[in-house]
Participant: 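First the structure, which I've put down as structure tokens, then a few questions once you've had a look.
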Amino acid sequence: MSMTRCAALRWQFELVWPLFELHLEQLQPDDFLWEPAELCWTMHETGSGGWVPDWTEVEPEPIPVPTVGWLTWHIGWWWSVALDHARGEVPRGRADIAWPGPGQPTIDWLRGLHDAWHEVLDQLDDTDLDTNSAFPWNADAELTLAHMIAWANAELMKNAAEVGQLRLLRAV
């Protein structure tokens, strides 16, 4: 059976998403800001009701353990920017991606990103996959939209496993 590159990337995404959904449906609001270690990256509420992530441009050593909240913000950030690139839109900056907060609002946000990603993948053909993409690397990397989609699918799988592990640890 022959499969186009677009079909393979969509298949990969549909393989990963249920693994993440397994954890999303079990998350409780208190899970999002639970700090499993002394050194954590998390989300902080601003005075205006928004949220900001812990962040540095250079990853610290040792690497902080992220909270579920931070991970879900991170997923929403890179996925939103990947969608901007895939749609040919001006990519938003990190500070322009708003995390909705603990619980169902974030779960709904991530499910909305799933739907948007699925729409983008359904609109692409194999020719589209060969266009240049400067995300998540720089423009002179000479990588394509196909590379970005494969990276996004892999990043989602990694982040889903991290969220799941934190959820399981908190549950015990």
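Just so you know, these numbers use all the heavy atoms, side chains as well, and skip hydrogens, waters and symmetry mates.
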Participant: Out of Asp125, Thr131, Leu124, which residue meets the side chain to side chain contact (heavy atoms under 4.5 Å, CB included) rule with Thr127?
Facilitator: Asp125
Participant: Who pairs with Thr46 by side chain to side chain donor-acceptor pair (under 3.5 Å), at least two apart in sequence or on another chain?
Facilitator: Ser48
Participant: Please report the interatomic distance CD(Gln104) to CG(Leu27), rounded to the nearest 0.5 Å.
Facilitator: 9.5 Å
Participant: Going by distance alone, is a donor N or O of one side chain under 3.5 Å from an acceptor N or O of the other, for Thr67 and Trp34?
Facilitator: no
Participant: Which atom pair, heavy atoms only, marks the closest approach of Cys40 to Pro64?
Facilitator: C-CB, 3.8 Å
Participant: Report the residue from Trp99, Trp70, Trp77, Phe32 that forms a ring pair (Phe, Tyr, Trp, His ring centres under 6.0 Å) with Trp51.
Facilitator: Trp99
Participant: In terms of hydrophobic clusters joined by side-chain contacts under 4.5 Å, are Leu24 and Leu168 together?
Facilitator: no
Participant: Can Leu143 and Ser133 be said to form a side-chain contact (heavy atoms from CB on, under 4.5 Å), step by step?
Facilitator: CA-CA 6 Å; Leu143 295 173; Ser133 176; 5.9 Å; no
Participant: What's the separation between atom CG in Leu83 and atom CE in Met148, rounded to the nearest 0.5 Å?
Facilitator: 7.5 Å
Participant: Using only atom types and a distance under 3.5 Å, with no angle test, would you say the side chain of Asp126 pairs donor to acceptor with the backbone of Cys6?
Facilitator: yes
Participant: Sequence neighbours left out, what pairs pass side chain to side chain donor-acceptor pair (under 3.5 Å) with at least one residue falling in residues 8-22?
Facilitator: Gln12-Asn153, Glu14-His118, Trp17-Glu21, Glu21-Arg111
Participant: Look up atom OG in Ser80 and atom CD in Glu89, then write down how far apart they are to the nearest 0.5 Å.
Facilitator: 10.5 Å
Participant: Would you mind reporting whether Val65 and Leu39 have side-chain heavy atoms less than 4.5 Å apart?
Facilitator: no
Participant: Hey, are Glu162 and Arg167 close enough for a salt bridge, meaning a charged N less than 4.0 Å from a carboxylate O?
Facilitator: no
Participant: I'd like to check the side-chain contact (heavy atoms from CB on, under 4.5 Å) partners of Asp96; sequence neighbours left out, ordered by chain and number.
Facilitator: Arg92
Participant: With hydrophobic residues grouped by side-chain heavy-atom distances under 4.5 Å, do Val52 and Val68 end up in a single group?
Facilitator: no
Participant: If hydrophobic clusters are built from ILVMFWY residues whose side chains come within less than 4.5 Å, do Leu19 and Leu9 share one?
Facilitator: no
Participant: Looking at side-chain heavy atoms only, is the closest gap between Trp41 and Thr56 below 4.5 Å?
Facilitator: yes
Participant: Are more than 12 heavy atoms from other residues, nucleotides or ligands located less than 6.0 Å from atom CD of Glu38?
Facilitator: no
Participant: Between Leu113 and Ile75, is there a side-chain heavy-atom distance shorter than 4.5 Å?
Facilitator: no
Participant: Taking the side chain as every heavy atom from C-beta outward, state whether Leu169 and Pro36 have any atom pair closer than 4.5 Å.
Facilitator: no
Participant: Would a 4.5 Å heavy-atom cut-off, applied to side chains only, mark Asn132 and Glu142 as touching?
Facilitator: no
Participant: Is it the case that one hydrophobic cluster holds both Trp55 and Ile97, taking links as side-chain heavy atoms less than 4.5 Å apart, direct or via other members?
Facilitator: yes
Participant: side-chain contact (heavy atoms from CB on, under 4.5 Å) between Thr72 and Trp109: does it pass, once the steps are laid out?
Facilitator: CA-CA 10 Å; Thr72 56; Trp109 178 51; 5.5 Å; no
Participant: Is Thr144 reaching over with its side chain to a backbone N or O of Leu129, donor-acceptor style, under 3.5 angstrom?
Facilitator: yes
Participant: Any side-chain donor-acceptor pair under 3.5 Å between Gln28 and Asp31?
Facilitator: no
Participant: Would you indicate whether the side-chain heavy atoms of Asp30 and Pro102 approach each other to under 4.5 Å?
Facilitator: no
Participant: First locate atom CG of Asp128, then atom CD of Gln123, and finally report the distance between them rounded to the nearest 0.5 Å.
Facilitator: 9.5 Å
Participant: Before you tell me yes or no, could you show the steps for Phe13 and Ile149 under side-chain contact (heavy atoms from CB on, under 4.5 Å), namely the whole-Å CA-CA distance, both residues' side-chain angles and the distance that decides it to 0.1 Å?
Facilitator: CA-CA 9 Å; Phe13 174 62; Ile149 293 168; over 6 Å; no
Participant: Which residue is it: Phe135, Trp73, Trp151? I am looking for the one with a ring pair (Phe, Tyr, Trp, His ring centres under 6.0 Å) to Trp78.
Facilitator: Trp151
Participant: If I compare all heavy atoms of Ala116 with all of Arg87, which pair ends up nearest, and what's the gap?
Facilitator: CB-NH2, 3.3 Å
Participant: I need the His23 NE2 to Gln26 CD distance, nearest 0.5 Å.
Facilitator: 9.5 Å
Participant: Would you tell me whether Glu119 and His114 have side-chain atoms, one donor and one acceptor, within less than 3.5 Å of each other?
Facilitator: no
Participant: Looking only at heavy atoms, which two atoms of Asp54 and His44 are closest? And how far apart?
Facilitator: OD1-NE2, 2.7 Å
Participant: Within the distance-only criterion (no hydrogens, no angle test), does the side chain of Thr106 pair as donor or acceptor with the backbone N or O of Gly101 below 3.5 angstrom?
Facilitator: yes
Participant: Flag the pair Asp130 and Arg5 as a salt bridge only when some basic side-chain nitrogen lies within less than 4.0 angstrom of an acidic carboxylate oxygen.
Facilitator: yes
Participant: Return the OG1 to CD distance between Thr42 and Glu35, rounded to the nearest 0.5 Å.
Facilitator: 5.0 Å
